[in-house]
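Have a look at the structure below, then the notes.
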2 protein chains.
Amino acid sequence: MARAATTSDVFNAIAEPQRREILVLLRAGERPVTELAQELGMTQPRASKHLRVLREVGLVRDRKAGKQRLYGLDARGLRPIHEWTGGFERFWNESFDRLDAYVQDLKQARQEGGN
Amino acid sequence: MARAATTSDVFNAIAEPQRREILVLLRAGERPVTELAQELGMTQPRASKHLRVLREVGLVRDRKAGKQRLYGLDARGLRPIHEWTGGFERFWNESFDRLDAYVQDLKQARQEGGN
DNA sequence: TTGACGCATGCCTATATCGGCATATGATGG
DNA sequence: CCATCATATGCCGATATAGGCATGCGTCAA
């Protein structure tokens, strides 16, 4: 097998820089595909494909508006990522010296604990 | 081209579930490869390869300890991701009705603004 | 109905990834 | 120096991705 987890989850969806750009743009409001493509300097099919991925993981929603199709942000899916990375906050706040010490302590405790 | 941005950035590094698991485990302290592999139920080469990716993006560091090589967490690289997702916090906090309204307002303003 | 516009898809290529397996490399102990 | 443990790598295969290009489909206007 290759690439077990595919683009079908949020982590992968935002691993693509252009998709992140799209999300950022959509913070300013709904937009049709063409406009997004233009502002980001990509072709329309390319934008559509990225939007499809974003839609499949639930980060954007679309609604028809006459001839156009407006894409809008649904950022709720980003929350889990924010929280997951937040679980490491204490580690990047510690200075490295202290972090090492902390880590040593843990390892010590782990070994004494038997596992 | 395919997959323009590769595993050489932090977003891609943590897009892999097993790499995230490794990072979580490392919060409890430094560990040798074999132990990580065992606890996560993966083969040693597999663990080594994931660790290599994590090392290349700076999320883990390694140091020799006799015959072993201990891997330790360096979570600083996760901070940008935390902050990037944090930029969407107001969007997932808004109820969707209000969000739509907000978005409409922005769009309105954008159009009136001439762009 | 026809034409024009807006967008989604299909097909194809190049490439990168993950995984498995075997093996190279490194360090330690005798 | 040799055997052994710990880890890194190399090579291969299967698969999925991103992008390009052409084209299909739906909607609106005349």
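Numbered from 1 within each chain, the chains take letters A, B, ... in sequence-line order.
Looking at His50(B) and Met42(B), their side chains come closer than 4.5 Å, going by heavy atoms from C-beta outward.
A salt bridge is absent between Glu89(A) and Arg79(B); no separation between the charged side-chain nitrogens and carboxylate oxygens falls under 4.0 Å.
A close approach under 4.0 Å does occur between a side-chain nitrogen or oxygen of Tyr71(A) and OP1 or OP2 of dA8(C). The phosphate of dG20(D) has OP1 or OP2 within less than 4.0 Å of a side-chain N or O from Arg46(A). Considering only side-chain N and O atoms, Thr34(B) lies nowhere under 4.0 angstrom from the phosphate OP1 or OP2 of dA6(D). When the side-chain nitrogen and oxygen atoms of His50(B) are compared with OP1 and OP2 of dT17(C), none of them lie within a distance under 4.0 Å.
Remark on DNA chain D: of its neighbouring residues Lys49(A) and Gly66(A), the 5'-side contact belongs to Lys49(A), judged by nearest-heavy-atom nucleotide. Where Thr43(B) and Arg52(A) meet DNA chain C, the nucleotide closest to each residue was compared, and Arg52(A) sits on the side nearer the 5' end. Nearer to the 5' terminus of DNA chain C, by closest-nucleotide assignment, is the contact made by Lys67(A) (compared with the other of Leu51(A) and Lys67(A)). For Ala65(A) and Pro45(A), each mapped to the nucleotide of DNA chain D holding its nearest heavy atom, the one lying further toward the 5' end belongs to Pro45(A).
For Arg20(A) and Phe11(B), the positive end sits near the middle of the six-membered ring, less than 6.0 Å away and at most 45° from its axis.
Heavy atoms only, all atoms of each residue included: Val57(A) and Ala13(A) are closest at CG2-CB, 3.7 Å.
Backbone-only engagement by Lys64(B) is indicated by non-hydrogen atom pairs under 4.0 Å involving sugar-phosphate atoms exclusively. Residue contacts shown for Gln44(B) include a base, since a base heavy atom lies under 4.0 Å away.
When rounded to the nearest whole Å, the span between CG of Asn12(B) and P of dA16(D) equals 17 Å.
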